[in-house]
Amino acid sequence: MATSENPGRGTWNSKLGFILAAAGSAVGLGNIWGFPTQVADNGGAAFIIVYLVCCIFVGLPVMIAEITIGRKTGKNPVGAFKALDPSGFGAMIGYWGVLCGMMILSFYLVISGWTLAYVIEQILSFTGNEAGASWFGDLGNGPKNAIFTVVFMLFTVGIINGGVSNGIERATKVLMPFLLFILLIMIGYVLTLEGSAIGVREYLMPDFSLIDMDLTLSAMGQAFFSLSLGMGALITYGSYLKKDQNIMSSATYVTVVDIIIAFIAGMLVIPAMYVAFTQGIAIFGDDGDLISSVSLVFTVLPQLFENIGGSLGLVISVSFFLLLGLAALTSSISLLEVPVAYVIDEHKVPRKKASLIIGGIVLVIAIIISFDIGLIDHFVNIFNEIGLPLGGMMTCIFLAWVWKTGNAIVEIEQGYPGAAESGFTKTWAFFISYICPILIGIVFVTTVLNIIR
Ligand code: PFF
């Protein structure tokens, strides 16, 4: 069966390979660190409901759009938009994606580095080496951040160097099931502890009065980040997809897996916070709200693990931070793959050289952030909260009004005979033309106004 229009770039070996790689991209810090934090920050289950709506009615259609553009052209985001729009204007969307990918990766590496440092911090703290533990556990420790950022980048580049099926596909096939396994074991344990039932109730009982514009903005931003949308990661992964594979069902699987893992991660983190509370650990800030942001995962949970104590506490804490690190790794490879594929395709640079050049540039920015972690918030504002919805909105507009949904459906039909007549495809075409760009547009404008105000 023919692969992409650009043979020799590599393809996923199997349908499952693509789904796991794309789910690996989607499932990351955004699910295990970001989602529970946002739930805690935004009134529990009310957030989950709005988040679900954003994922299903905006995220899924945009994901289908990105994969279709990638598979049609067999190119990186810049090359893909160029191929579909010879005027060159569309390529701007691709360049924006490449830039966002590099910038998001640079702060993502620093946070990913924290997960590795915390593995050591927990081991030292359990062995009674408090001085060592506090050095590794200090989030603002520049030299330590820089070292772990470099280590994490080396893992990422190592996998990317292996190429599409031997590197990315092979790694995600092992890492993803392992990740789910650790997550489930940990939940099973945490739910046996005193206090977890209150957490489960807080997590699952929605208070609809909390739904407002701010909550909706957070949910939409979280959906884009978590599903890896708006910067061409799924265009790039779609470009390695064989023509006989069904884009609609693959995208649906990836979205569902991402939602489920985020939900399960919340089921671990929120009850764990209430277990910590029962044990006397502070989980409410001065304002009476649950502690959120960075502190949630990196301060409350380690204290809980220390309270559990003994070798059980150690095994649980090391598993948790390894889990976070693994999830981050399968996402960071997709963030790096976008600019690397661009350099390989558009500048005819061999893969290893491309990953070293791009990896080197990103590392310089990441090391600067390592020494000034306050920059993370600014990067999140610009490249994540503005950048991804902007990229997603432009992708919808491009597909619907420049390339046209009819052409996209012809591409979709290759792996899904009869797609044109299906209600799913027709609904998708309507959403991508009207509903998605309008909804993202509202969120985008409001986010920008909030940030500059
Ligand atoms: N989806 C990843 C997460 O939830 O952590 C982050 C991410 C990866 C965002 C790849 C964007 C991207 F292209």
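Both ligands and their constituent atoms are indexed starting at 1 by order of listing. Here the structure is a predicted model, which is why all the values come from computation and not from measurement. FYI, the numbering just counts along the sequence from 1.
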Peer 1: Is Ile104 near ligand 1, meaning one of its heavy atoms is under 4.0 Å from it?
Peer 2: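 Outside the 4.0 Å threshold, so no.
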Peer 1: Would the Tyr51 and Phe35 ring centres measure less than 6.0 Å apart?
Peer 2: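 Yes, the ring of Tyr51 comes within the 6.0 Å limit of the ring of Phe35, centre to centre.
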Peer 1: Among Asn76, Thr236, Thr73, exactly one meets side-chain hydrogen bond (donor to acceptor under 3.5 Å, both in side chains) together with Asp345. Which residue is that?
Peer 2: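 The side-chain hydrogen bond (donor to acceptor under 3.5 Å, both in side chains) with Asp345 is passed solely by Asn76 among Asn76, Thr236, Thr73.
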Peer 1: Against heavy atoms of Tyr108, which atoms of ligand 1 measure under 4.0 Å?
Peer 2: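 Numbered from 1, ligand 1 contributes 2 (C), 3 (C), 5 (O), 6 (C).
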Peer 1: Could a heavy atom of Ser226 be found less than 4.0 Å from some atom of ligand 1?
Peer 2: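 True for this residue.
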Peer 1: Does only the side chain of Phe225 get under 4.0 Å from ligand 1, or the backbone, or both, or neither? Count heavy atoms.
Peer 2: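 Both backbone and side chain.
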Peer 1: Can you tell me how far CD1 of Ile93 sits from CZ of Phe398, rounded to the nearest 0.5 angstrom?
Peer 2: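 It is 6.0 Å, given to the nearest 0.5 Å.
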Peer 1: Taking Arg351 first and then Glu337, would you say they form a salt bridge - that is, a charged N and a carboxylate O separated by under 4.0 Å?
Peer 2: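 Judged by the 4.0 Å cut-off on N to carboxylate O distance, Arg351 and Glu337 do form a salt bridge.
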Peer 1: As a test of understanding, state which of Ile386, Asn384, Leu390 forms a side-chain contact (heavy atoms from CB on, under 4.5 Å) with Leu388.
Peer 2: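 The option that passes is Asn384.
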Peer 1: If the cut-off is 4.0 Å to any non-hydrogen atom of Ala233, which atoms of ligand 1 fall inside it?
Peer 2: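 So the answer, numbered in order with elements, is 13 (F).
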Peer 1: Between Ser106 (side chain only) and Met103 (backbone N and O only), is there a donor and an acceptor less than 3.5 Å apart?
Peer 2: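 Yes; judged by distance alone, with no hydrogens or angles, the pair exists.
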Peer 1: Determine whether the aromatic ring centres of Phe298 and Tyr118 lie less than 6.0 Å apart.
Peer 2: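 Yes, ring centres under 6.0 Å apart.
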Peer 1: Under 4.0 Å from a heavy atom of Asn31: which atoms of ligand 1 are those, numbered in the order shown and with their elements?
Peer 2: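 Atoms satisfying the 4.0 Å criterion: 4 (O).
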Peer 1: Please report which non-hydrogen protein atom sits nearest to atom 8 (C) of ligand 1, along with the residue it belongs to and the distance in Å to one decimal place.
Peer 2: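 Ranking protein heavy atoms by distance from atom 8 (C) of ligand 1, first comes Ser228 OG, 3.3 Å.
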Peer 1: Between Lys75 and Glu346, is there a side-chain N and carboxylate O pair less than 4.0 Å apart?
Peer 2: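 Salt bridge absent between Lys75 and Glu346.
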Peer 1: Kindly identify the option in Gly28, Ser25, Gly30 whose heavy atom sits closest to atom 2 (C) of ligand 1.
Peer 2: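 Heavy atom nearest to atom 2 (C) of ligand 1 belongs to Ser25.
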Peer 1: Below 4.0 angstrom from a heavy atom of Ala26, which ligand 1 atoms are there? Numbered from 1 as shown, please.
Peer 2: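 So the answer, numbered in order with elements, is 1 (N), 2 (C), 3 (C), 4 (O).
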Peer 1: Is there a polar contact between ligand 1 and Leu335, counting only N or O atoms under 3.5 Å apart?
Peer 2: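 No; the residue has no nitrogen or oxygen that sits under 3.5 Å from a nitrogen or oxygen of the ligand.
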Peer 1: Relative to atom 13 (F) of ligand 1, which among Met231, Glu66, Gln222 owns the nearest non-hydrogen atom?
Peer 2: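 Answer by nearest heavy atom: Met231.
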